[in-house]
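Notes follow the structure.
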Amino acid sequence: MQKTSGEIEKEFIDNLGNSGGKDLAAWLVAIDGSGIKKRNDLIAWLKTDCGFGHMHASLLAGIHANGGKPVYGDTSELLNNQFAGCDAMRSLFDAVVEFALRNFPDATILPKKTYVSILAKREFAAINIKKSEIRLGLDLGSRDFDEVVSKAKLTGPMPRISHQVTVTDTSRLDAELVSLLKDSYDRSN
């Protein structure tokens with residue numbers, strides 16, 4: 001199984017000083033001393049002047065922007081942040097997650113920074129929490145859009161999450177949705 005964002009971030013932090021370089025605290029001081037304020041400028045500086053690859057420069061910039069704390073370390077905090085302004089969707093979100101796990105017992109629910117991933121070997125569905133709906137993204141390939149399945153408008157997941165089902169109440173958690181999830185699961189895994 002591929003590493004989670006939290007595992008990648010922890011490994012990066014743990015190994016920062018291993019090659020005679022600076023540890024996280026020293027890098028945060030160096031970033032503060034650089035005077036760079038914009039994230040993209042900071043990433044460019046870390047890559048060009050400090051020798052970081054893009055992924056590690058992005059991780060370090062994210063940690064700096066997060067007050068020096070890991071961005072992906074606490075998945076419960078990542079999930080709670082997604083409910084900012086959307087508290088009314090918590091019970092519907094819980095119902096969607098319970099529905100997915102009941103029908104796909106090998107699935108894992110993994111909160112990310114901007115969405116929630118549902119994965120087995122690979123991500124086969126993704127959730128965006130909105131003020132009045134849950135957007136459930138699916139990998140349905142070239143399937144036509146219709147009154148149930150529309151073009152994905154999710155923030156965060158990979159482009160192969162191509163379709164979405166909008167869930168506004170538990171009546172949408174039905175056999176048709178199981179079939180759509182199964183199609184996505186089979187395509188992805």
Side-chain angles (χ1 to χ4, degrees), residues 1-10 39 58-59 62-63 65-189:
M1 184 177 233
Q2 56 187 189
K3 293 179 184 178
T4 66
S5 299
E7 291 168 336
I8 292 168
E9 182 181 60
K10 181 178 181 340
R39 178 180 171 84
S58 295
L59 284 170
I63 292 167
N66 197 38
K69 297 180 295 191
V71 174
Y72 301 100
D74 182 357
T75 58
S76 63
E77 187 174 328
L78 290 173
L79 179 59
N80 288 334
N81 290 342
Q82 293 182 48
F83 282 100
C86 304
D87 289 334
M89 290 290 103
R90 178 69 78 159
S91 62
L92 183 56
F93 169 82
D94 290 342
V96 170
V97 167
E98 189 276 326
F99 177 81
L101 292 176
R102 183 177 63 243
N103 287 287
F104 300 89
D106 65 329
T108 301
I109 306 301
L110 182 62
K112 307 271 185 135
K113 190 172 181 180
T114 60
Y115 73 103
V116 178
S117 176
I118 304 175
L119 61 147
K121 292 177 188 160
R122 292 181 60 197
E123 182 176 85
F124 67 95
I127 297 172
N128 271 174
I129 302 159
K130 300 297 180 185
K131 286 185 183 205
S132 60
E133 64 190 27
I134 299 292
R135 293 180 182 168
L136 180 61
L138 304 165
D139 176 4
L140 298 178
S142 60
R143 182 192 191 279
D144 289 337
F145 303 122
D146 56 34
E147 65 279 350
V148 173
V149 180
S150 61
K151 182 175 173 47
K153 294 181 272 185
L154 280 78
T155 305
M158 298 301 286
R160 63 183 174 69
I161 298 295
S162 54
H163 295 66
Q164 81 176 32
V165 173
T166 302
V167 181
T168 56
D169 60 58
T170 57
S171 68
R172 179 69 264 177
L173 307 179
D174 57 14
E176 183 179 25
L177 186 56
V178 171
S179 178
L180 292 167
L181 280 163
K182 182 171 181 349
D183 289 347
S184 183
Y185 178 94
D186 291 344
R187 281 183 53 80
S188 301
N189 294 292

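What you are looking at is a predicted structure, and each value in this text was computed from that prediction instead of being measured.
- Side chains of S117 and E123: a donor-acceptor N/O pair is present below 3.5 angstrom, by distance only.
- Atom NZ of K130 has more than 12 neighbouring heavy atoms from other residues, nucleotides or ligands inside a 6.0 Å radius.
- The residues D183 and R187 are annotated as not salt-bridged, no charged nitrogen and carboxylate oxygen being separated by less than 4.0 angstrom.
- By the 4.5 Å heavy-atom criterion applied to side chains, L138 and V149 are not counted as neighbours.
- In this structure, N189 and D106 have side chains that are not in contact, with every pair of non-hydrogen atoms separated by 4.5 Å or more.
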(request) Please lay out, stage by stage, how L181 and L136 fare under the test side-chain contact (heavy atoms from CB on, under 4.5 Å). (result) CA-CA 10 Å; L181 280 163; L136 180 61; 4.2 Å; yes
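- You'll find the side chain of I63 reaches within 4.5 Å of the side chain of E9, heavy atoms only.
- Atom CG of L140 and atom CZ of F124 lie 11.5 Å apart (nearest 0.5 Å).
- When all heavy atoms of T155 and T114 are compared, the closest pair comes out as O-OG1, 3.4 Å.
- The two residues L173 and A95 have their closest heavy-atom pair at CD1-O, 3.8 Å.
- To the nearest 0.5 Å, the span separating CZ on R172 from CD1 on I134 amounts to 14.0 Å.
- Of all the heavy atoms in T168 and S132, the pair that sits closest is CG2-O, 3.8 Å.
- Minimum heavy-atom separation, F104 to K182: CZ-N, 3.5 Å.
- Here the shortest heavy-atom pairing between R135 and K153 reads NH1-O, 2.9 Å.
- Put simply, the side chain of Q82 gets close to the backbone of Y115: a donor and an acceptor are under 3.5 Å apart.
- No side-chain heavy atom of I118 sits under 4.5 Å from any side-chain heavy atom of Y185.
- No side-chain heavy atom of V167 sits under 4.5 Å from any side-chain heavy atom of I127.
- When all heavy atoms of R160 and S188 are compared, the pair lying nearest together is NH1-OG, 3.5 Å.
- Looking at heavy atoms from C-beta onward, V148 lies in side-chain contact with L180 at the 4.5 angstrom threshold.
- Between H163 and F145, the angle of the ring planes lies from 30° to 60°, which puts this pair in the tilted group.
- In this structure, the separation between SG on C86 and CG on N81 is 11.5 Å, given to the nearest 0.5 Å.
- A distance of 12.0 Å separates CG of D169 from CD of E133, quoted to the nearest 0.5 Å.
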